[in-house]
Amino acid sequence: MSSTPQLFISISPNLTALAMISDALAGRRRGLPELWRRAIASRVGPPGHEAVKPLAAPGRSVAPDCLVPLAPVSGDVTVQTQIQVLHETPSDNLIKDLEQAFGPGTPPAHWRSAADRPGRWMRGYASALSEVWNTTEPLWKRARPLLDREIERVGITAVRGGPELLLGSLSERISYGRRGLLISDVESSTYELGNRKIVLVPMLAGRDAVIVSLDHPEAVWIAYPVPGADSLWRKPVAPAVDELSALVGPVRADLLCALDQPMTMSMLATDMKIAPSGLTYHCDRLRAGRLITRERRGREVWIARTHRAEELLELFRR
């Protein structure tokens with residue numbers, strides 16, 4: 001993967017709907033609050049529940065292309081448009097998508113019922129998507145301030161540098177380092193980015209939800225939980241924070257600002273009133289972004305800002 005990836009952002013609701021389907025209906029739990037899981041599941045009829053069963057197969061995350069819209073690459077498309085496309089897609093297209101995903105011949109057991117009756121499956125999945133979106137759309141509208149904030153955060157990163165840091169902050173399942181972009185999932189493979197751009201797609205989803213497409217010739221896209229999504233489950237959207245906090249998160253921004261001189265882990269924990277385990281987690285993330293160094297001196301571990309961090313702070317002071 002290139003050391004300076006080109007980042008773009010797409011506000012596409014289709015991936016939010018897919019994440020809700022996977023978590024609430026298919027049982028691929030990724031942290032969606034139980035209240036929402038029950039609300040969504042209760043409003044989807046039997047055809048929809050039946051259609052999403054293949055997504056619940058343990059140890060499998062590959063799905064045919066007709067499930068995952070290319071909207072993040074081709075432009076933002078409404079969920080209603082995607083539902084209409086599903087209704088209009090010929091049944092044979094599902095068979096072709098299954099062969100592309102799993103190879104020629106008989107598909108995996110969890111997709112055989114769909115392959116046997118592709119038209120019925122497409123209608124059932126379109127029904128599930130429609131019913132899930134009817135429940136989720138009001139939440140999507142309430143999330144507009146969060147999505148606007150994320151657009152700003154990605155824009156700041158694109159203009160002022162630091163895409164590697166942003167990629168590493170998307171999810172606990174994603175890290176970025178010398179080996180490139182690493183995404184925790186059930187299938188293990190290596191992909192070359194080449195000259196393709198990276199399209200980021202913030203979702204309203206559980207904290208562990210990540211959906212990735214790596215096959216498009218022009219771009220790869222990564223759908224991830226928008227920062228602050230958990231606030232929608234319990235309280236109004238919080239006001240926007242400053243630019244540095246928007247980039248690295250408020251705790252890590254405060255930690256960087258506190259390091260005007262090297263400090264020990266115990267000094268930092270006391271100064272910032274953070275539990276040692278929490279401080280270690282945030283320091284690991286900042287170290288991965290090459291913003292701090294750690295040096296053991298006897299029994300103490302000393303933390304210091306790097307030159308890269310000094311440059312980043314100077315950008316935000318202007």
Side-chain angles (χ1 to χ4, degrees), residues 10-58 60-72 76-89 93-94 97 110-111 113-114 117-144 146-147 171 201-213 221-226 228-234:
S10 172
I11 304 302
S12 174
N14 287 287
L15 278 302
T16 286
L18 179 57
M20 296 283 190
I21 287 173
S22 299
D23 196 320
L25 300 184
R28 193 177 288 275
R29 298 198 175 197
R30 295 300 189 189
L32 191 68
E34 188 62 26
L35 178 65
W36 273 88
R37 294 186 79 256
R38 292 177 181 175
I40 291 170
S42 67
R43 299 181 187 183
V44 176
H49 278 278
E50 184 67 25
V52 303
K53 283 184 178 180
L55 301 180
R60 304 274 187 165
S61 65
V62 176
D65 286 345
C66 57
L67 264 73
V68 184
L70 295 178
D76 298 339
V77 176
T78 67
V79 176
Q80 289 78 11
T81 299
Q82 182 64 23
I83 293 168
Q84 187 64 31
V85 168
L86 285 169
H87 281 298
E88 295 174 354
T89 299
N93 284 25
L94 175 61
D97 285 349
H110 58 292
W111 279 105
S113 61
R117 304 183 69 177
R120 177 180 177 181
W121 183 87
M122 295 284 280
R123 291 189 296 273
Y125 186 77
S127 173
L129 181 59
S130 176
E131 289 158 343
V132 166
W133 190 242
N134 285 340
T135 306
T136 306
E137 187 175 18
L139 189 71
W140 179 262
K141 292 179 178 179
R142 283 179 52 205
R144 189 70 234 189
L146 284 179
L147 297 169
S171 166
V201 189
M203 301 184 295
L204 301 184
R207 63 184 179 277
D208 298 325
V210 174
I211 305 174
V212 181
S213 176
W221 54 258
I222 303 170
Y224 60 97
V226 64
D230 56 340
S231 68
L232 293 175
W233 318 128
R234 60 180 188 271

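This structure is a prediction, so every number in the text was calculated from the model and none was measured.
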- Query: So do the side chains of T89 and L94 get within less than 4.5 Å of each other, counting heavy atoms only?
  - Reply: no

- Note on the structure: D208 meets the side-chain contact (heavy atoms from CB on, under 4.5 Å) criterion, sequence neighbours left out, with R30, R173

- Residues two or more places apart in sequence or in another chain: which of them pass side-chain hydrogen bond (donor to acceptor under 3.5 Å, both in side chains) with R144? D148

- State, yes or no, whether a side-chain contact exists between I211 and W221 at a heavy-atom distance under 4.5 Å. yes

- side-chain hydrogen bond (donor to acceptor under 3.5 Å, both in side chains) filter on S113, not counting sequence neighbours, yields none

- Message: Rounded at 0.5 Å granularity, tell me how far CG in L32 sits from CD1 in I40.
- Response: 5.5 Å

- Message: Evaluate W36 against L204 for side chain to side chain contact (heavy atoms under 4.5 Å, CB included), listing each step before the verdict.
- Response: CA-CA 11 Å; W36 273 88; L204 301 184; over 6 Å; no

- Task: Under the side-chain contact (heavy atoms from CB on, under 4.5 Å) rule, collect the residues that match up with R207, sequence neighbours excluded.
- Result: none

- Task: Enumerate the residue pairs fulfilling salt bridge (Lys or Arg N to Asp or Glu O under 4.0 Å) with a member in residues 128-140, sequence neighbours excluded, ordered by first and then second residue.
- Result: none

- Taking atom types as modelled and ignoring hydrogens, do the side chains of Q84 and Q80 form a donor-acceptor contact shorter than 3.5 angstrom? no

- Could you note down all residue pairs passing salt bridge (Lys or Arg N to Asp or Glu O under 4.0 Å) where residues 37-57 supplies at least one of them, sequence neighbours left out? D23-R37, E34-R37, E34-R38, E50-K53

- Query: Quick one: does R142's side chain get under 4.5 Å of L232's, heavy atoms only?
  - Reply: yes

- Message: Less than 3.5 Å apart, any donor N or O on the side chain of T78 or T81 sitting next to an acceptor on the other?
- Response: yes

- Task: Answer yes or no: is there a side-chain heavy-atom contact under 4.5 Å between Y224 and V212?
- Result: no

